[in-house]
Amino acid sequence: MLDINFIRQNSEEVKKGVAAKNVNPQLVDDFLVLDNEWRELVKETDDLRAEQKKLSEERKINEAKELKNKIQNLEERLKQVETERQKILYQLPNLPLEDVPVGKNESEDIVLREVGEKLSFDFEPKDYLELAEKLDLIDIKRASKVSGSRFGYLKNQAALLEFALIKLALDTAAKHGFTPIIPPVMIKEEMMKGMGYIQSSMLDEEVYFLRDDDLVLVGTSEQSLGPMHSDEIFEEKDLPKRYVAFSTCFRREAGSYGKDTKGILRVHQFDKIEMFIFSLPENSLKEHLLMLKIEEELMRELGIPYRVVQLCTGDIAQPSASTYDIEAWLPGQNNGKGQYRETHSTSNCTDFQARRLNIRYKPLKPKTQNLKPNYVHTLNGTAFAIGRMLIAIIENYQQKDGSVLMPKVLQKYLGFKKIE
RNA sequence: GGAAGGUUGGCAGAGUGGUCUAAUGCGCCGCACUUGAAAUGCGGUUGAGGAGAAAUCCUCUCGGAGGUUCGAAUCCUCCACCUUCCGCCA
């Protein structure tokens with residue numbers, strides 16, 4: 001949610017930002033019209049209420065009675081206008097930061113750097129699924145028998161690899177002051193909305209809804225971590241608050257029929273280690289870069305070639321003001337020619353989520369000033385999306401004989417060096 | 001799933017229809033006293049919204065949403081959460 005005062009005072013700037021994110025800027029004007037009407041109605045009802053209160057205290061019961069009806073009518077109108085205004089406000093996306101490249105879609109994203117050496121194989125690199133099925137690591141066929149499409153069983157060393165990756169991610173994040181946490185994966189619908197991920201229609205398309213219990217399954221633990229501190233006020237000295245969470249993630253993938261249907265690249269259920277930070281506003285750029293740094297550190301430690309992509313305005317999600325993706329090099333894709341695929345994403349959501357969730361901090365105040373609580377900034381970033389990391393490891397570490405070496409950094413967690 | 005009890009400001013805790021603009025205590029902040037501290041005294045201490053150039057004024061906020069009433073922390077309805085007991089289960 002954007003700052004109402006900011007919209008009032010900087011409508012042109014807001015329109016520009018909204019348009020850059022592919023949302024109709026007309027919404028801003030619609031909002032301002034309703035906001036004006038709302039303010040007039042608030043003034044009118046507040047004044048009448050004050051008068052009625054006075055009459056009531058003076059026991060002028062009949063006069064107060066008359067006012068009561070008037071107020072009730074006004075309140076009804078006020079509520080309507082307020083609802084309309086709120087609806088538009090929730091549709092407005094977070095504004096992109098200044099350094100975010102303007103663009104329509106992913107084709108205008110900017111590759112910042114490529115890191116790591118792509119191995120040249122003296123054989124044709126295979127697709128991870130072919131390798132994994134031979135080594136009995138992934139079973140898609142039985143998963144589809146049991147659960148339908150877009151599911152998979154991870155077996156044998158693949159299952160062990162998941163735990164090794166989890167441990168590596170937790171250990172690395174711990175070095176940077178992250179608190180490990182396992183959050184609920186079922187949350188209230190309103191919390192999901194607070195995170196800016198549900199615009200009314202999206203609920204049915206992307207999110208699993210447990211209608212009997214009014215709960216939704218999270219698509220990422222970010223949705224469970226942000227609301228954790230809703231309606232709370234941090235002390236400035238307690239910020240930044242950094243969490244690293246393990247959770248299963250659930251996605252309906254309704255909008256991606258026919259896309260990536262093979263294997264475990266895009267599935268309805270996968271496990272992910274996610275970082276989440278509550279930060280002082282003035283430090284959120286720094287915290288964002290810290291998460292990107294950790295993501296790159298993890299990729300380098302695993303020895304997987306990757307590139308860092310800065311998403312353009314049209315490609316970043318509704319609540320985000322700035323997003324970087326990391327795409328891992330997958331040599332077995334694209335018929336053995338190789339392809340970059342997204343494995344990590346980190347976003348600075350500035351105060352967009354915090355405002356809606358009402359998460360603030362009390363500034364350390366110089367004695368003379370009495371500063372009010374202010375909204376924190378929230379940031380999120382992938383440490384490991386397990387399925388996609390398995391793919392990257394298997395394809396990059398495959399051997400001519402179909403076996404797969406293990407990245408050195410994982411060997412101490414695994415107790416074996418090779419899958420064959 | 002069944003039964004009972006509860007939810008009040010940073011915390012504890014009073015308050016069962018009209019100065020509740022919520023007692024009292026603790027904590028916290030400021031000031032005074034003091035060499036300094038403690039103790040003591042005085043004052044302040046939820047949050048949000050609106051009007052105004054400002055001083056300031058007004059409205060809302062006692063778990064949430066409705067309702068009754070001229071008037072609700074207080075009465076009614078529904079919901080959420082917490083505690084205890086029973087049942088079931090990891």
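Within every chain, numbering begins at 1; the chains are lettered A, B, ... in the order of the sequence lines, protein sequences first and strands thereafter.
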Taking Watson-Crick and G-U wobble contacts under 3.5 angstrom, with | marking pairs to another strand and [ ] crossing pairs, the secondary structure of RNA chain B is written ((((((((.[[[..)..(.....]]]((((((.......)))))).(((((....)))))..[[[[[..)....]]]]])))))))....

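Remark: the separation of the P atoms in B:rU24 and B:rU46 is 14 Å, to the nearest Å. As rounded to the nearest Å, B:rC29 and B:rA55 have P atoms that lie 27 Å from one another. Comparing B:rC75 with B:rG6, their P atoms are spaced 11 Å from each other, to the whole Å. Taking atom C1' in both B:rC60 and B:rA4, one finds a spacing of 35 Å when rounded to whole Å. B:rA73 and B:rA54 have their C1' atoms separated by 36 Å, given to the nearest Å. Distance check on atom C1': B:rG9 versus B:rC62 gives 9 Å, rounded to whole Å. Distance noted for atom C1' between B:rA65 and B:rC81: 15 Å (whole Å). Comparing B:rC20 with B:rC33, their C1' atoms sit 35 Å apart, to the nearest whole Å.
Contacts of A:Phe151 classified as ring-ring contact (aromatic ring centres under 6.0 Å, His included), with partners at least two apart in sequence or in another chain: A:His268. Applying the salt bridge (charged side-chain N to carboxylate O under 4.0 Å, His left out) criterion to A:Asp139, with sequence neighbours excluded, gives A:Arg142. Scanning for salt bridge (charged side-chain N to carboxylate O under 4.0 Å, His left out) contacts around A:Arg242 gives A:Glu287, with sequence neighbours left out. A:Val309 meets the side-chain contact (heavy atoms from CB on, under 4.5 Å) test with A:Asp109, A:Val111, A:Arg307, A:Leu311, A:Asp325, A:Glu327; sequence neighbours excluded. Scanning for side chain to side chain donor-acceptor pair (under 3.5 Å) contacts around A:Asn358 gives A:Asp231, A:Arg360, with sequence neighbours left out. Here A:Glu57 pairs with nothing under the side chain to side chain donor-acceptor pair (under 3.5 Å) rule; sequence neighbours left out.
To the nearest 0.5 Å, atom CD1 of residue A:Ile326 and atom OG1 of residue A:Thr343 are 6.0 Å apart.
Residue A:Lys70 is classed as having no contact, given no heavy-atom separation below 4.0 Å to the nucleic acid.
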Anything under 3.5 Å between a protein N or O and an N or O of nucleotides 26-28 of chain B, put it in a table, one pair a line.
none

Provide a list of protein-nucleic acid N or O atom pairs under 3.5 angstrom, restricted to nucleotides 47-49 of chain B.
residue, atom, partner, partner atom, Å
B:rG47, O3', A:Arg360, NH1, 2.8
B:rA48, OP1, A:Arg360, NH1, 3.0
B:rG49, N2, A:Asp46, OD2, 3.2

Spell out protein contact along nucleotides 67-79 of chain B as letters: B when the base is contacted, S when just the sugar-phosphate is, - when no protein heavy atom is under 4.0 Å; keep the 5' to 3' order. --BBS--------

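Ion pairing of A:Glu253 with A:Arg266 is present here, as a side-chain N (NZ or NE/NH1/NH2) and a carboxylate O approach within less than 4.0 Å. Note on A:Lys272 versus A:Glu274: salt bridge recorded, some NZ/NE/NH1/NH2 to OD/OE distance being below 4.0 Å. The existence of a salt bridge linking A:Glu51 and A:Lys60 is excluded, since no basic side-chain nitrogen approaches an acidic carboxylate oxygen closer than 4.0 Å.
Remark: aromatic rings of A:Phe352 and A:His377 are distant, center separation not under 6.0 Å.
The distance from atom NZ of A:Lys79 to atom P of B:rC60 is 15 Å, rounded to the nearest whole Å. A straight line from CG of A:Leu74 to P of B:rC60 spans 14 Å, rounded to a whole angstrom.
Listed by first then second residue, pairs satisfying ring-ring contact (aromatic ring centres under 6.0 Å, His included) with a partner in residues 230-249 of chain A read A:His229-A:Phe234, A:His229-A:Tyr243, A:Phe234-A:Phe278, not counting sequence neighbours.
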Can you give each donor-acceptor pair under 3.5 Å made by side-chain atoms of residues 3-24 of chain A, sequence neighbours left out, with the distance rounded to 0.1 Å?
residue, atom, partner, partner atom, Å
A:Asp3, OD1, A:Asn5, N, 3.0
A:Asn5, OD1, A:Arg8, NH1, 3.3
A:Arg8, NE, A:Asp35, OD2, 2.6
A:Arg8, NH2, A:Asp35, OD1, 3.0
A:Arg8, NH2, A:Asp35, OD2, 3.4
A:Asn10, ND2, A:Phe6, O, 3.0
A:Glu12, OE2, A:Lys15, NZ, 3.3
A:Lys15, NZ, A:Asp29, OD1, 3.1
A:Lys15, NZ, A:Asp29, OD2, 3.2
A:Lys21, NZ, A:Asn94, O, 3.2
A:Lys21, NZ, A:Ala317, O, 2.8
A:Lys21, NZ, A:Gln318, O, 3.2
A:Lys21, NZ, A:Ser320, O, 2.6
A:Asn22, ND2, A:Lys104, O, 2.8
A:Asn24, OD1, A:Gln26, N, 2.9

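Side-chain atoms of A:Arg341 and A:Asp260, non-hydrogen and from C-beta on, do get closer than 4.5 Å to each other.
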